[in-house]
Amino acid sequence: MSGGTVASVPEGLLDEGVWFRVEESGTASAVRRAAERLAAGLDMPENRVADLAIVAAEAAGNLVKHADQGAVLVRTVRTAEHAGVELIVIDSGPGMADVRRAIGDGHSTAGTLGIGLGAISRQASRWDLHSVPGRGTVLAVQVWPDGLPEPNWAAGLTRPLTGETVSGDGYAIREADGRRQLLLCDGLGHGGLAAAATHEAIRAFRKAPAVPPAQVVEALHRALGHTRGAALAVAEPDTSAGVVRYAGLGNISGTVLAPDGGRRGMVSMPGIAGHQRRQVREYDYPLAPGAVVLMHTDGVVDRWNAADYPGLLTHTPEVIAATVLRDAGVRRDDAGVLVARLP
């Protein structure tokens, strides 16, 4: 993984999760233990903890056998009623020419029984995989205690600067009075103080009234005055109106990716939320059916091109975000990606 870090597993895993670089069997075992510990802390039934252990062991084991720069994120996923565990698995290895065949039991390229991906698909509550030969594979898999929540319309990923245990980048997703809104935030600098600014922005975002993005950004600017400040942006995809409304301060990149390959950048105003700003302006951009809204911090470069990943934009927001983070994230900064794909 470009810019990946391996964190020691804390006693209580945060919802943001822990990244593991997986290159040997010992780390693969640590991934399984972390997933089990997280599930136990969520009071997940024993049979589902066992299912999760199989998923984690097979996913991490596949990285050891096949991957180049393999990594796994273990984190909590939540709804209003339930909590589950999600694994995001990425690698830059050879990829799969035939994903359907690779999922079927009995297919192996490493002399094993060939049941890894098949076992994952059977034990998981939800999973999604995208692979491109020569570019690698991304797998997002969730295990829930019971039932199956509606799929996410948006999802994000963050990863700290190499050597740091917390990321100054963060995101939040909310639905309020019919508005679907996204926040991506990059706390100034890195480490604990950057993370504190971002956590304050997320707290204020969740409490803000259901108003248009520019007014939300104004509220966040006022809330961050006692922090070191942040770059941030708020997007509001509105499929009924066919637009995405967008307002931002500082160096957050926003893009609308159309199904036909079109790409439209969205504009943020110069400034630092909490300290320096011009008038916050809100802009509307066309949002075609099936379009993807993608936002990222400056820890992710703009060299990424959706045309290099056939079919990716039809996949889940988790898989899209993980692909971008893998291939466009940099080692020298925190990195954050937030993706929305509405039906």
Side-chain angles (χ1 to χ4, degrees), residues 1 15-17 19 71-79 83-90 124-132 136-144 148-159 167 169-175 179-185 202 205 213 233-239 244-246 252-259 261 263-264 266 285 287-297 299-300 304-306 308-329 335-343:
M1 181 179 80
D15 283 7
E16 289 87 348
W19 282 103
V72 179
L73 173 66
V74 182
R75 67 179 180 181
T76 305
V77 284
R78 298 183 185 274
T79 67
V85 177
E86 180 175 59
L87 276 67
I88 305 292
V89 184
I90 64 177
S125 302
R126 175 181 287 118
W127 64 278
D128 186 28
L129 182 148
H130 184 264
S131 188
V132 177
T137 300
V138 170
L139 168 68
V141 55
Q142 297 178 355
V143 176
W144 292 86
L148 185 61
E150 289 294 318
N152 293 329
W153 61 271
L157 289 172
T158 63
R159 189 200 57 219
S167 176
D169 292 355
Y171 65 90
I173 301 158
R174 72 172 188 168
E175 296 187 37
R179 295 181 181 271
R180 287 174 162 167
Q181 294 184 331
L182 311 163
L183 165 70
L184 185 62
C185 184
I202 291 172
F205 175 74
V234 174
E236 183 180 285
D238 185 342
T239 53
V244 54
R245 305 176 186 95
Y246 186 86
I252 299 291
S253 295
T255 307
V256 180
L257 301 167
R263 179 179 177 125
R264 179 76 177 267
M266 299 187 288
Y285 300 92
L287 186 67
V292 168
V293 176
L294 189 148
M295 302 162 68
H296 66 79
T297 65
V300 176
W304 182 80
N305 185 350
D308 294 333
Y309 305 86
L312 176 63
L313 298 185
T314 66
H315 283 262
T316 60
E318 292 89 346
V319 165
I320 298 170
T323 300
V324 174
L325 186 67
R326 179 194 65 189
D327 290 351
V337 182
L338 181 55
V339 173
R341 187 172 71 81
L342 280 75

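All of these numbers come straight from a predicted model, not from anything done at the bench. Atoms considered below: every heavy atom in the structure, side chains included; atoms not considered: hydrogens, waters and symmetry mates.
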Task: Donor-acceptor under 3.5 Å (Tyr171 side chain, Gly156 main chain) - done: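 Between the backbone of Gly156 and the side chain of Tyr171 there is a qualifying donor-acceptor contact (under 3.5 Å).
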- [ ] Output yes when a side-chain donor or acceptor of His296 lies under 3.5 Å from a complementary backbone atom of Val300, and no otherwise.
- [x]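 At least one qualifying donor-acceptor pair exists.
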Of the non-hydrogen atoms in [X] and [Y], which two are nearest, and what is the gap between them?
| X | Y | value |
| --- | --- | --- |
| Val292 | Ile320 | CG2-CD1, 4.2 Å |
| Ala83 | Thr76 | CB-CG2, 4.3 Å |
| Arg174 | Phe205 | NH1-O, 3.0 Å |
| Val141 | Ala124 | CG2-CB, 3.3 Å |
| Thr297 | Cys185 | CG2-O, 4.3 Å |
| Leu313 | Arg341 | O-CD, 3.0 Å |

Are any non-hydrogen side-chain atoms of [X] and [Y] less than 4.5 angstrom apart?
| X | Y | result |
| --- | --- | --- |
| Trp153 | Leu182 | yes |
| Leu287 | Asp238 | no |
| Asp128 | Glu318 | no |

- [ ] Give the C-alpha distance, both sets of side-chain angles, the deciding distance and a yes or no for side-chain contact (heavy atoms from CB on, under 4.5 Å) between Asn152 and Thr316.
- [x] CA-CA 8 Å; Asn152 293 329; Thr316 60; over 6 Å; no
As an exercise, state the distance from [atom1] of [X] to [atom2] of [Y], rounded to the nearest 0.5 Å.
| X | Y | atom1 | atom2 | answer |
| --- | --- | --- | --- | --- |
| Trp304 | Arg326 | CH2 | CZ | 11.0 Å |
| Asp169 | Leu184 | CG | CG | 6.5 Å |
| Thr79 | Trp144 | OG1 | CH2 | 5.0 Å |
| Leu325 | Leu157 | CG | CG | 6.0 Å |
| Asn305 | Arg263 | CG | CZ | 7.0 Å |
| Leu87 | Trp127 | CG | CH2 | 14.5 Å |

TODO: Please report the C-alpha distance between Val293 and Met266 in whole Å, then the side-chain angles of each, then the deciding distance to 0.1 Å, and finally whether the side-chain contact (heavy atoms from CB on, under 4.5 Å) criterion is met.
DONE: CA-CA 10 Å; Val293 176; Met266 299 187 288; 4.0 Å; yes
- [ ] Check each of Arg75, Arg126, Arg78 against Glu86 using the side chain to side chain donor-acceptor pair (under 3.5 Å) test, and report the only one that passes.
- [x]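 With Glu86 as partner, side chain to side chain donor-acceptor pair (under 3.5 Å) holds for just one option, Arg75.
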Open item on the list: Let's go through Leu312 and Val132 carefully: what are the C-alpha distance in whole Å and the side-chain angles of both, what is the deciding distance for side-chain contact (heavy atoms from CB on, under 4.5 Å) to 0.1 Å, and is it a yes or a no?
Closed with: CA-CA 9 Å; Leu312 176 63; Val132 177; over 6 Å; no
TODO: Can you label the angle between the Tyr309 ring and the His130 ring as parallel, tilted or perpendicular, going by 30° and 60°?
DONE: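 Tyr309 and His130: tilted rings.
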Open item on the list: Using side-chain contact (heavy atoms from CB on, under 4.5 Å), reason through Ile202 and Leu183 one step at a time and then give a plain yes or no.
Closed with: CA-CA 8 Å; Ile202 291 172; Leu183 165 70; 4.2 Å; yes
